[in-house]
Structures are given as C-alpha cells and as structure tokens.
Amino acid sequence: MFKLFDPQIKVQKNREVLRKTDMRVAKYSRRGLISNFLVFLLCLVGGQIYQQYADIAILLTAGLLIFTLLRAYFLFRFESIYPRGPAKWRNAYFVVTLLGAFWWGLTLASITYLLGVEHEVPLLWLYTAVFFSTTAHAFAPYHRFLSIYQFLGLIPGALAVFFSGDLISLVYGVVIIIFFGVINHQSKLISESYWERLEANYLLAKRALSLEEEKQETLASAQLSREYMNLLRNELYELLHARRGDRRSEERKPSNGNGSQNGSALQRRPRLELLYRNVNDFQQILSKEFKFENRVFNPRSLVQALIARQVAYLESHELDVASLISASVPVRIIGDAERISQVISILLRSLATQSQSHCYILVEVDFVYEREDTGNLILIISRQISKTKRLFFQEQTQKPIEYNLDLALAKGIIEEMGGNLELSAHGRQTDGYIRFQSSFKVPANSGQFNYEKPEFRHKKLLLVHSEPRLLDGKRHELDALGFDVETESQFKSAVQQMELALKSGQPFDGVVFYTSHQEEHWVQFSRELAEHPDLKFSPQIAIGSKAVWDEVEWRDIWSNPIVTQINKPSGYFEFELNFKHVFARQEEESIEEKNLKLHDEFHLLLFSLDKSVKYKELTKNLPFKIRSYHDKDEMKEAIASLSKIVILLCTDDQNDYLELITEFEAQFQGGCICPIIVLGYRTQEEIAYCKGADYFFDVEHSKHDLLNVIDYWAGFYQQNLIDV
C-alpha cells in the first residue's frame with residue numbers, strides 16, 4: 001500500500017517528535033493558505049481572465065475556495081482533531097493538500113493556456129515560484145509528500161506553456177521544469193538534514209537521561225555505601241567496647257582453670273581494633289571527610305623504621321626482607337607522615353600475608369624530581385622466591401596479589417592524597433609487586449642534602465648475598481660511601497676470593513654478608529673465616545635480625561670481636577655508622593681528631609621535660625657544647641640565634657611532647673635544616689618519625705651509641721652545609 005509518510009528510523013516513530021513536526025507544518029500552512037487565496041483574488045479582480053472568461057474564472061475560484069476551506073478545517077482545528085488520531089489527521093490533511101495543489105496547478109495551467117504569458121500570468125508564476133520554494137522548508141520532513149505536492153502544483157502549468165507556441169513561453173516552461181528539479185533535490189537534502197538533526201538530539205537526550213539515571217543510581221549506591229559503612233563502624237565500635245567490657249567482667253571472675261576462650265578473645269581483639277580503624281577511615285573517604293595533616297618529615301628514616309617493625313613478623317612466616325632506598329630520596333619532604341606510615345604498613349602486611357614461604361620481600365624507594373621543589377615518591381614492594389629455594393621447590397608458584405580490605409583502604413588513602421596504587425603479578429624479575437606513587441613537595445634547603453658521602457675511599461669490601469638483585473643494589477649503596485666493592489653470590493667461593501685477594505697483595509678490608517634462618521651457609525662461612533690463619537682478623541659485618549642474634553647455637557660467632565652486627569634493614573646510614581666503628585680500630589687517632597673538631601663546631605641543644613635518670617646518664621659529659629632547656633620558648637630562641645646545632649629531644653612515655661618537633665622545624669624557613677634526634681622509648685619510634693624526627697634513639701642503648709649517632713648527623717649536616 002502506497003504511503004505518503006513511512007517511518008524508517010526510531011525518531012520518526014516518536015510521538016512527541018512527530019507532534020512537533022506536524023505543528024510546524026500546520027503553522028506554515030495556515031500562513032500560505034490565506035496568502036494563496038488573497039493573491040488569486042487580486043489577480044482575478046485586476047486581471048483579464050475574469051473579463052474575457054468569466055465562467056471559467058468563477059469555476060476556478062469556486063474550486064480554490066472549496067479546497068481552501070477543507071484545508072482550513074484541518075489546520076485551524078488542529079488541536080482538537082490531532083490528539084484523536086495523529087496518523088489519521090496527517091493522512092487526511094496530505095490528501096486534501098494534494099487536491100488543493102492539483103487544483104492550483106490546473107488553475108495556473110488554464111489561465112496560462114488562455115492568456116499566454118501576458119497580463120496577470122507572469123505575476124501568478126512569480127508568486128507560485130516563490131511560494132513553492134518556501135514549502136521546501138515547511139514540508140521538508142515529509143519528502144515523499146512534498147515531491148508529489150510540488151509536481152502537482154508546478155508541472156501542469158509548465159506543460160500548458162508549451163502549447164502557446166511562443167518562444168518566450170517555451171523558455172518559461174523549461175525554466176519551471178528545471179526549477180522543479182532543483183527544488184525537489186533541495187527538499188530532499190533539507191529533509192535528510194532535518195531528521196538527522198532530530199535523531200542526534202533524540203539520542204543525545206536519551207543519553208543524557210541515561211547518564212542522569214546512572215548518576216542518580218551511583219549517588220544512591222554511594223549514599224547506601226556510606227550509610228552501610230557508618231552502621232558497620234558503629235557496630236564494630238559497640239562490639240569492641242562490649243568485648244572490652246566482657247573481658248573486664250571476666251577478669252573479675254574466679255579462674256576455672258580453662259582460659260582458652262578468654263585467651264582467644266584477647267587474641268582477636270587487636271584485629272578487631274584494626275578492623276574498626278580501617279572501617280572508620282574508609283567511611284571518612286566515602287563521605288569526603290578524610291583530612292591530611294601535612295608536615296615536614298624524613299621519608300628514609302620513616303620507611304626504614306616501618307620495615308624494621310615488620311622484620312620479626314616476616315621471619316616468623318619464613319620471609320626475608322631488605323630495602324633499597326635511592327640516594328635521590330630527599331632528607332625531608334612535606335606530607336602526612338602518619339597516613340603514609342599507615343599505607344606502607346598495610347602494603348607490607350598485605351604482601352606478606354599473600355606470599356608463600358621461602359621468598360624475600362624487597363622494598364625499593366625512589367624519588368623523581370618534577371621541579372626543584374616537587375617530585376614523585378615511588379615505593380615498590382616486591383616478592384621473589386629465593387634463588388636457592390627454587391632448585392628444591394620448582395612446583396611452588398606464588399598466587400597473584402589480590403585486593404583485600406586493607407589494600408582497598410590503602411588505595412582509597414593514596415587516591416585521596418593524589419597518588420595511585422598498582423598491583424601486578426609479575427614485573428622486573430619479580431613474582432608480584434605493589435607500586436605506590438604520589439607527589440610531594442620538598443622543603444627549601446633541607447631536601448637537597450645527599451646521603452652519598454664517599455669518605456671510605458681506598459677501602460676494599462667483599463659483599464656476599466645469594467640474590468643477585470639485592471646484591472647489586474647494596475653494591476651501589478657501598479659504592480656511594482667510597483668503598484671499592486666486589487660481589488659474590490656463593491659463600492664457598494667468597495672464601496677463595498678473599499684468599500686470592502690476600503695472595504695478590506690487595507686484601508679485602510672487610511666482608512659484608514647477610515644472615516637468615518632460611519639459609520645457614522653464612523654460619524659455616526663466618527666460622528671458617530674466624531679459624532683461617534690469614535683471614536681471622538678480617539672484619540666481618542653481619543646483617544641480620546634480632547632473632548638471629550639471640551640464637552644460642554651461634555653465640556660463638558657474635559662473641560668474636562671481629563664480627564659487627566647490623567640490624568635489618570640496612571642502608572646508607574647504618575653502613576656509615578657501623579663502618580666508622582669498624583675502621584676506628586685501625587684509624588682510632590684520625591677518627592678522634594675529626595670528631596673533636598666536629599664537637600667544637602656544633603652546639604647540642606638538649607630539650608627535656610622528663611627528669612628521668614636514664615636521660616641524665618645518656619647526656620652527661622657528652623663532648624659537645626651542650627645547652628639544656630626545659631622551656632620551649634627559650635629553646636626556640638636558641639634555635640633562632642645559633643647556626644650549627646643538633647637538637648636532642650627527650651620525651652616521656654606519653655608522646656605528648658613529640659608535637660614540639662613541628663614547632664622547632666617552624667623556626668626555619670622552608671623546613672628545619674638541623675638534625676633532630678629523639679630520645680625515647682621503643683613504642684614511640686614510629687610516632688617520632690611521623691612527627692618529623694631524623695633519628696630515634698632508644699634509651700636502652702649505650703651512651704657510646706648515642707655519641708656515634710650525634711657524630712653522624714653533625715657530620716652529615718656539615719658535609720651538606722655548603723649546598724644550603
């Protein structure tokens with residue numbers, strides 16, 4: 001069945017779009033309807049057709065009036081007829097309009113045939129051409145109907161011109177036919193453009209609506225997540241306090257000899273507290289209430305302290321740990337050290353819990369400058385099965401690192417501070433790694449200090465470790481201190497290498513090796529050196545953990561005065577501090593002279609609110625110009641008036657006075673450029689580093705160790721003072 005309008009695309013089937021289109025057609029048709037009849041009456045009254053052919057003029061006028069009234073019925077009653085049947089109205093109107101166009105074409109053909117192209121005929125043709133050109137825009141959406149409409153209105157008159165026999169009339173006819181072809185093509189382009197624009201707007205509106213619905217769903221989901229996390233936090237809080245209350249009540253009850261249930265509760269409580277803190281932090285991230293407290297801190301000291309706290313836990317799971325901190329890491333950066341500490345602890349713990357035994361965890365820290373005062377801190381924690389264990393555990397494969405509750409929290413914190421967290425199963429010869437990166441500002445002056453201090457020139461060391469990757473990293477650290485380093489991955493070959501070096505007249509000044517419960521080749525190596533007639537006086541620097549030092553079966557090794565112990569994780573600071581002690585035996589006089597000169601140049605500002613005997617014993621008769629203060633305002637005045645100083649802050653066990661570190665740092669523009677050493681209890685170490693301390697000294701250590709630490713930081717400051 002022939003249709004004047006056949007919807008093809010989706011927008012042409014939309015009732016709202018078609019209603020707007022039909023309203024537009026009706027609006028322009030009403031204007032054309034009145035103008036057509038008025039122009040024809042004008043030509044009829046002032047022209048020759050009525051005077052010469054009155055009967056024909058009356059017939060043509062009557063027909064035009066009838067079709068005009070029929071079209072007017074559908075146009076002026078659009079609002080009442082259209083809602084009852086849009087398609088019915090459209091079809092009826094199209095039929096009436098085509099009949100009207102045919103009658104207009106017949107009228108134009110009749111007048112042209114009777115009068116020729118004279119009198120009022122040129123005016124009628126001019127009006128017809130102008131009128132039908134405007135209909136191309138009015139009826140453009142319905143191109144099939146428009147083509148028939150223009151054909152019925154123009155072609156009959158054009159054909160009538162050819163019968164006049166006049167040359168000018170023939171030209172008129174040809175021009176009208178060409179005009180019809182041009183306007184028909186133009187109408188097709190306008191129609192395609194119209195529907196394409198409407199379709200684009202329709203799809204865009206649907207997409208916008210879809211996005212709005214998705215946004216609403218997302219907001220609702222986020223709101224639900226926040227509400228759920230808030231309720232979960234409250235539930236955990238109540239459960240935690242209820243458990244504490246139950247425990248206190250159980251403690252008051254007499255013991256029945258079976259404390260397994262209460263012991264289990266006590267074991268679960270730390271994990272419950274940690275879970276509560278994590279949920280609380282995550283809820284703050286979701287609700288955008290998470291805040292950061294930026295301050296100046298020492299990233300290297302903080303990372304090393306965090307790793308040291310995890311050494312015992314990792315070794316209990318048969319995991320080894322080591323760190324490689326680049327010399328490009330600034331001495332101080334600006335950021336929320338407590339949150340960074342929380343993130344690093346989470347990453348270490350998560351990787352450890354998802355790793356199988358017989359592998360080691362490697363923590364790498366680097367800093368890439370973007371500008372002079374800004375850069376990216378990059379921390380990579382990777383795991384790798386030990387090289388020696390691969391031979392016996394070929395079937396062992398590490399599971400991919402997966403997100404858990406802790407890692408989800410860490411990711412949220414990192415993204416809040418503008419960084420990113422990446423998990424990978426493999427990379428850089430690892431069996432999986434976690435990569436954390438974020439941008440930090442570097443305080444003026446203090447961040448430019450460099451850990452590379454090549455003061456051990458002309459000293460030759462042998463570095464022994466079974467893992468080539470760690471071996472290479474530690475060799476670079478020792479190179480930065482000025483050592484001439486040779487490496488060996490097998491302990492058996494290390495003894496032979498030392499013997500060959502001795503025979504060649506270039507003996508090693510010391511040997512550095514790593515200890516581990518997983519591999520005990522170092523035990524035989526150390527004992528073999530101690531019993532060797534030519535190598536028994538070669539200094540041995542053993543790097544390990546407290547668990548290794550406490551082993552009874554190896555006490556003969558630690559009792560050897562030639563063996564020096566360095567706690568994990570080792571780095572520039574630990575190497576320099578201990579190697580000074582090792583080689584002081586051989587160069588005792590020169591070292592003492594250097595230290596005496598250093599002691600004369602520096603003031604030691606001692607601030608203490610704790611009157612304990614331990615602090616007095618540690619700081620009594622130190623070979624520095626000591627100034628003791630108990631009032632923070634007096635301390636600030638001293639910091640402002642003196643140039644070369646080392647700050648020694650003694651704290652009590654309540655951590656209240658660690659906030660003074662930030663106040664002391666504020667004395668210097670862009671961050672503190674003098675070393676801050678905190679004397680306190682082991683439980684305060686992480687807090688002290690988070691507040692900005694450069695070094696934490698446990699009061700349980702000896703006075704000699706404290707002097708070495710002060711000497712190191714004073715020398716460190718003096719070496720970099722030129723760059724400030």
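Values reported hereafter were calculated over all heavy atoms of this structure, with side chains retained and with hydrogens, waters and symmetry mates removed.
At distances below 3.5 Å, not a single donor-acceptor pair connects side-chain atoms of Arg339 with backbone N or O atoms of Ile414. For the pair Ser328 (side chain) and Phe367 (backbone), a donor-acceptor distance under 3.5 Å is present. A donor-acceptor distance shorter than 3.5 angstrom exists from the side chain of Lys474 to the backbone of Ser323, with no hydrogens or angles considered. Of the possible polar contacts, none joining the Thr374 side chain to the Glu370 backbone as a donor-acceptor pair under 3.5 Å is found. Counting only distance, with no hydrogens or angles, the side chain of Glu634 and the backbone of Asp631 share no donor-acceptor pair below 3.5 Å. Proximity of a side-chain donor or acceptor of Ser301 to a complementary backbone N or O of Asn298 within less than 3.5 Å is not detected. Judged purely by atom type and a 3.5 angstrom limit, Ser341 has no side-chain atom pairing as donor or acceptor with the backbone of Ala337. For Glu576 (side chain) and Phe573 (main-chain N/O), no donor-acceptor pair under 3.5 Å exists by modelled atom type. Formation of a donor-acceptor pair under 3.5 Å by the Asp698 side chain with backbone atoms of His701 is not found in this model. The closest donor-acceptor contact from the side chain of Tyr689 to the backbone of Phe696 lies under 3.5 Å.
Test Leu306, Val365, Ile307 against Ile344 for side chain to side chain contact (heavy atoms under 4.5 Å, CB included) and you get one pass: Leu306. For the side chain to side chain contact (heavy atoms under 4.5 Å, CB included) with Arg475, the qualifying choice from Val485, Leu470, Leu461 is Val485, the only one to do so.
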Check against side chain to side chain contact (heavy atoms under 4.5 Å, CB included), Arg627 and Leu606: CA-CA 6 Å; Arg627 296 190 179 189; Leu606 178 62; over 6 Å; no

Assess the residue pair Lys568 and Glu315 against the criterion (salt bridge (Lys or Arg N to Asp or Glu O under 4.0 Å)); give the C-alpha distance rounded to whole Å, side-chain angles, the decisive distance to 0.1 Å, and a yes or no. CA-CA 11 Å; Lys568 292 180 182 178; Glu315 288 189 345; 3.8 Å; yes

Test ring pair (Phe, Tyr, Trp, His ring centres under 6.0 Å) on Phe579 and Phe483; report intermediate values, then the result. CA-CA 11 Å; Phe579 280 122; Phe483 287 106; 4.8 Å; yes

Residues Val699, Tyr681; criterion side chain to side chain contact (heavy atoms under 4.5 Å, CB included); working and verdict: CA-CA 6 Å; Val699 294; Tyr681 301 90; 4.0 Å; yes

Derivation of the side chain to side chain contact (heavy atoms under 4.5 Å, CB included) call for Cys690 and Leu302: CA-CA 7 Å; Cys690 289; Leu302 177 62; 4.0 Å; yes

Apply side chain to side chain contact (heavy atoms under 4.5 Å, CB included) to the pair Ile413 and Phe292, showing each step before the final yes or no. CA-CA 10 Å; Ile413 296 174; Phe292 295 97; 4.2 Å; yes

Could you give me the CA-CA distance, side-chain angles and deciding distance for Gln684 and Arg682, then say whether side-chain hydrogen bond (donor to acceptor under 3.5 Å, both in side chains) is met? CA-CA 5 Å; Gln684 300 172 301; Arg682 177 56 59 185; over 6 Å; no

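Counting heavy atoms from C-beta outward, Arg469 and Leu362 have side chains that approach closer than 4.5 Å. Contact annotation: the side chain of Leu478 approaches that of Phe575 to within less than 4.5 Å [non-hydrogen atoms, C-beta and beyond]. Within the 4.5 Å cutoff, the side chain of Leu421 has heavy atoms near those of the Leu347 side chain. Between Gln310 and Ile361, the closest side-chain pair of non-hydrogen atoms is not below 4.5 Å. The shortest distance between side-chain heavy atoms of Tyr313 and Thr353 falls below 4.5 Å. Residues Ile334 and Phe440 are not in side-chain contact: their nearest non-hydrogen atoms beyond the backbone lie 4.5 Å or more apart. Contact of the Ile677 side chain with the Ile710 side chain is registered, since non-hydrogen atoms from C-beta on lie closer than 4.5 Å. Here the side chains of Phe436 and Ile380 are not in contact, with every heavy-atom distance at 4.5 Å or above.
Checked for salt-bridge contact, Lys291 and Asp336 miss the test: no charged N lies under 4.0 Å from a carboxylate O. Note on Arg332 versus Asp694: salt bridge recorded, some NZ/NE/NH1/NH2 to OD/OE distance being below 4.0 Å.
The two atoms that bring Thr515 and Gly544 nearest to each other are OG1-CA, 3.1 Å, heavy atoms only. Taking every heavy atom of both residues into account, Asn567 and Trp549 meet most closely at OD1-NE1, 2.6 Å. Between Ile645 and Pro675 the shortest heavy-atom distance is O-CD, 3.6 Å. Minimum heavy-atom separation, Ala305 to Glu685: CB-OE2, 3.7 Å. Tyr433 and Glu422 get closest at one heavy-atom pair: OH-OE2, 3.2 Å. Residues Asn708 and Leu577 approach most closely at O-CD1, 3.2 Å, considering heavy atoms.
The structure places CG of Leu377 at 9.5 Å from OG of Ser439, a figure rounded to the nearest 0.5 Å. Here the NE2-SG distance, from His630 to Cys650, works out to 9.5 Å after rounding to the nearest 0.5 Å. Atom CH2 of Trp558 and atom CG of Asp550 lie 10.5 Å apart (nearest 0.5 Å). Here the CD-CG distance, from Gln342 to Asp406, works out to 9.5 Å after rounding to the nearest 0.5 Å. In this structure, CG in Asn420 is found 8.0 Å from OG in Ser438, a value given to the nearest 0.5 Å. In this structure, CE on Met635 lies 7.0 Å from CG on Leu649, to the nearest 0.5 angstrom.
Figure legend: Lys691 and Phe297 shown without cation-pi pairing, the cationic atom not lying both under 6.0 angstrom from the six-membered ring centre and within 45 degrees of its axis.
No more than 12 heavy atoms of other residues, nucleotides or ligands shown are found within 6.0 angstrom of CD on Glu293.
Ring orientation note: the planes of His465 and Tyr514 are nearly perpendicular, at an angle over 60° on the 30°/60° scale.
Applying the salt bridge (Lys or Arg N to Asp or Glu O under 4.0 Å) criterion to Lys703, with sequence neighbours excluded, gives no partner residue.
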